[in-house]
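In each ligand, atom 1 is the first atom listed, and ligand 1 is the first ligand listed.
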Amino acid sequence: MSIDTKHIQTQFPILGEKVNNHTIVYLDNAATTQKPNIVLDAEINYYRTINSNVHRGIHTLSQLATMEMEESRKVVQSFINAKKDYEIIFTKGTTEGINLVASGLERLLKAGDEIIISQLEHHSNIVPWQLLANRKDLILKIIPVDEHGDLILEDYKNLLTEKTKLVAVNHVSNALGVVNPIESIIQLAHQAGAYVLIDGAQSIPHLKVDVQELDADFYVFSAHKMYGPTGVGILYGKEHLLEVMDPYQGGGEMIKEVTFEKTTFAELPFKFEAGTPNIAGNIVLRKSIEFIQSLGLKNIQHHEDELLKYATQKLEEIENLTIYSKNAKQRAGLISFNLDIANTNSSDVGFILDKHGIAVRTGHHCAQPIMKRFEIPGTIRASFAVYNTLEDIDLLVNGIQEAKKMLL
Ligand SMILES: *Cc1c(COP(=O)(O)O)cnc(C)c1O
């Protein structure tokens, strides 16, 4: 393993903090990752040295802030290999990115058109499409999953028709950690004449993403799940689609000319960036990408795969414990499981783990349909980042054993 976790941990001040008298074991990275010093310092440094509004002022600070933000856009562009920097839209997160696309496509869709999502989606890749379907009388179709949590591609093929306009699926499931075969999903959608939005919130910190190679039409993610700040996200969209979509919000910065009769919109990307953005956050996102690149995504992925393998092996040794999607074709970044003890639920276990300073997520993970598919109210989810260690997993396993004793 070329990842030096001891050294990496020193770059994350919060990991030295105590929770309930235990040094924190942070295994809730799929909800949000911790932030390294390079990100924390850049945030405060921005406000200390160049704080100013962007794209507006002639004055020096405003020019510096604008330059830094546009430089960050270019870093994101190269990180996901987008063709043009103006195909990178700053948003406040994955949720806003998906809502932006749903709203931007609205005028281009008509009653009877079809949108396909999957059973494995986060609520933020379900509800915006439901709302849109209700407004426009569209049909929402669902790709089912098999008993491993893998999407059933045969069923997906049968769902695609000439009325399918958009397919929206996640790259990696936040509830089960399943990696979806998005290459095939995109290819099949394109053959049917449909566009594809990929929810990359759980893939971007773990897997190398090349939007051109994938040929994704839209790819969305959040900075806060990749060691960056909250309130910042990215929508990548192909130029020709962003061009024909309607703006999401109206306001300053997104216009060319405003009269009371008519407003013309600014060119990309500004058409989709109404109002003062999260300037500091947008600038600082660059630092979280630099952090990832300094370690290398391949190395990060390898390290996290080792953690996943070890966690699977250790948890398998515990009796009366069910791991979900253990035999999925590919998994990344997290493990979802339950103790099979009558009259207890995932949050009882989460509560006991917290007493040991261990942070995991419990419950439905904003993905109620997939919980329903497996007929469970929720799971215990341990999700990994580059600073996690095999010892973290040993502590988790000890905590689970403790919980078992208390709950049995
Ligand atoms: C976290 C997450 C989202 C929502 O991201 P926000 O940052 O809360 O907007 C959407 N999809 C998946 C798969 C996620 O993990």
Distance to 0.1 Å, residue and atom name: give those for the protein heavy atom nearest to [atom].
| atom | value |
| --- | --- |
| atom 5 (O) of ligand 1 | T94 CB, 3.5 Å |
| atom 9 (O) of ligand 1 | T95 OG1, 2.6 Å |
| atom 2 (C) of ligand 1 | K225 NZ, 2.4 Å |
| atom 10 (C) of ligand 1 | S124 OG, 3.1 Å |

Residues [X] and [Y] bridged, charged N to O under 4.0 Å:
| X | Y | value |
| --- | --- | --- |
| E114 | K141 | yes |
| K157 | E154 | yes |
| R73 | D85 | no |
| D41 | R48 | no |
| D28 | R361 | no |

Considering residues, nucleotides and ligands other than K136, do more than 12 of their heavy atoms fall under 6.0 Å from its NZ?
->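 For K136, atom NZ is crowded (more than 12 foreign heavy atoms under 6.0 Å).
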Where ligand 1 meets S222 - atom numbers and elements under 4.0 angstrom, heavy-atom basis |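 Counting atoms of ligand 1 from 1, those under 4.0 Å from S222 are 5 (O), 6 (P), 7 (O), 9 (O).
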Non-hydrogen atom of [X] closer than 4.0 Å to ligand 1:
| X | result |
| --- | --- |
| K92 | no |
| D199 | yes |
| E96 | no |

